[in-house]
Amino acid sequence: MPEAGPTAVLPGRPLTVGELLDSAVLLLRHHASTLLPLAAVLAVGEQLLLLPLRTALGVGPPLWWLPNLNNLGGFWLLLALGAATEAMIIVLLGNPAARAAGGALLGHHRTARQLIRPTGGRWGATVLLALLVGAAMLFLSLLGPAWFVGWALLGAVAPALVLDRITPPRALTRSASLAVRIEGRGAALRTLGYLVWWILRVGLGWGSFIGLSTLGLIEGEGALVVAAALLWAAVNTVAYAALACLDAVLHLETRIRTEGLDIHLSRQPADAAPAALAVRG
């Protein structure tokens, strides 16, 4: 595997599907010390937020993702809330991930302080967009298959806000516009990335929980709940950070394919600032 670094992460050219997925992982590996702690805090907060509803529905570990036949309506709401919270988390993580990806494309190394600093980071707008995306995903998730549409179209919200330097409303529409370009390539790749990480999450989370329970390392109802929450938070931490990195890489690669971003950057000075990535006009 190539060394993680600006060139390995984003070589400044159109990428294959495999290269895109690899680039997202390389970006995460290169900035894990920043992205993973942020993702961990958000993932733990998500588990704490959903726990009361799970308890009320009588859905306990390890069957948190299996329907409660006695209360399908409540379980559907639980799934919808989970979809909304994970979408919000990925938007929030998309802010530093986009900064990291932009730096990689420009050949600049971004430190942890640069990735999370408030100055110029547009964190207020990012939080606003996270709330809007969360509300949209909650509504669409309640409609069932409409979730796929929302997930596929809203991936570039944070990168568009942070890198393209546009307004929050325009970030929403630009995200959808980029997703449907080239016969919906961006939408399809974001959905593919989610499915890959969903399979990994289920396998690792469920498998680890069953293994620890079988070995007798987790005993008691309270311990089961805590252990399950920590395990899901752990696997979600990596998955959420990786998906945010995929959104950032996919956003820039789509701009290279459809807007000639690589050509534009090649005409900029060697010390081009992040402003070189801003959308013109």
Side-chain angles (χ1 to χ4, degrees), residues 6-28 87 90-91 93-108 110 122 125-126 129 132-133 136-137 148-197 242-270 272-281:
T7 302
V9 173
L10 282 167
R13 59 171 174 79
L15 304 175
T16 66
V17 174
E19 287 176 328
L20 270 170
L21 296 176
D22 288 343
S23 292
V25 173
L26 284 170
L27 183 65
L28 173 58
I90 293 170
V91 171
L93 292 174
N95 185 305
R99 294 200 226 183
L105 184 61
L106 294 172
H108 299 165
R110 293 284 184 261
R122 311 197 73 184
T126 302
L129 280 177
L132 292 175
V133 169
M137 292 303 297
F148 287 97
V149 177
W151 177 264
L153 297 182
L154 296 176
V157 169
L161 177 75
V162 175
L163 297 177
D164 299 357
R165 312 303 295 181
I166 56 181
T167 63
R170 190 180 173 196
L172 292 168
T173 57
R174 180 162 170 78
S175 176
S177 173
L178 290 172
V180 299
R181 291 180 183 178
I182 319 177
E183 299 179 345
R185 180 175 180 271
L189 288 178
R190 191 178 196 234
T191 303
L192 172 64
Y194 182 87
L195 293 176
V196 168
W197 279 103
L243 289 170
C245 289
L246 176 60
D247 286 341
V249 170
L250 181 57
H251 174 73
L252 290 173
E253 197 269 351
T254 301
R255 289 189 58 189
I256 288 174
R257 280 182 177 269
T258 64
E259 297 178 352
L261 178 62
D262 53 335
I263 298 174
H264 169 66
L265 292 178
S266 68
R267 296 172 178 171
Q268 302 299 310
L277 297 173
V279 174
R280 293 160 288 174

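Keep in mind the model is a prediction, meaning the values are calculated, not measured.
Contact detail for Ala242 and Ala24: the closest heavy-atom pair is O-CB, 4.2 Å. Annotation for Arg110 and Ala100: closest pair CG-CA, 4.4 Å, computed over non-hydrogen atoms. For the residue pair Gly155 and Pro159, the shortest heavy atom distance occurs at O-CD, 3.9 Å. Contact record, Ala248 with Ala101: CB-CB, 3.7 Å, taken as the closest heavy-atom pair. Taking both residues in full, the closest heavy atoms of Met137 and Gly150 are given as SD-C, 3.6 Å, listed atom of the first, atom of the second, then distance. Closest approach of Leu252 and Gly102 over heavy atoms only: CD1-N, 4.0 Å.
In this structure, the side chain of Ser177 does not engage the main chain of Arg174 through any donor-acceptor pair within 3.5 Å. Checking side-chain atoms of Arg257 against main-chain N and O of Leu15 turns up a donor-acceptor pair under 3.5 Å. In this structure, Arg255 contributes its side chain and Leu277 its backbone to a donor-acceptor pair below 3.5 Å. Side-chain atoms of Arg122 come within 3.5 Å of backbone atoms of Ile166 as a donor-acceptor pair (strictly under, hydrogens ignored).
Taking the side-chain hydrogen bond (donor to acceptor under 3.5 Å, both in side chains) definition, one finds that Ser175 meets it with nothing, sequence neighbours left out. For Val149, the side chain to side chain contact (heavy atoms under 4.5 Å, CB included) partners two or more places apart in sequence, or in a different chain, are Leu153. In this view, Trp151 and Trp147, Tyr194 satisfy the ring pair (Phe, Tyr, Trp, His ring centres under 6.0 Å) rule, not counting sequence neighbours. For Arg267, the side-chain hydrogen bond (donor to acceptor under 3.5 Å, both in side chains) test picks out no residue, with sequence neighbours left out. With sequence neighbours left out, the side-chain hydrogen bond (donor to acceptor under 3.5 Å, both in side chains) criterion links Thr173 to no other residue. Remark: Arg99 pairs with no residue by the salt bridge (Lys or Arg N to Asp or Glu O under 4.0 Å) rule, at least two apart or across chains.
If you run side chain to side chain contact (heavy atoms under 4.5 Å, CB included) between Leu161 and each of Thr167, Val91, Thr126, Asn95, only Thr126 comes through.
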* **Criterion side-chain contact (heavy atoms from CB on, under 4.5 Å) on Val133 and Leu172, from CA distance to verdict** => CA-CA 9 Å; Val133 169; Leu172 292 168; 4.2 Å; yes

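Leu246 has its side chain out of reach of Arg190: every pair of non-hydrogen atoms, C-beta onward, lies at least 4.5 Å apart. Between His251 and Leu261 there is no side-chain heavy-atom pair separated by less than 4.5 Å.
Checked for salt-bridge contact, Arg13 and Asp262 miss the test: no charged N lies under 4.0 Å from a carboxylate O.
The line from CD1 of Ile256 to CG of Leu265 is 7.5 Å long, rounded to the nearest 0.5 Å. One finds the CG atom of Leu178 at 6.0 Å from the OG1 atom of Thr254 (value rounded to the nearest 0.5 Å). Residue Leu10 holds its CG atom at 8.5 Å from CG of Leu20, rounded to the nearest 0.5 Å. Interatomic distance, CG of Leu250 versus CG of Leu192, reported as 10.5 Å (0.5 Å rounding). Atom-to-atom distance recorded for Leu105:CG and Glu253:CD is 11.0 Å, nearest 0.5 angstrom.
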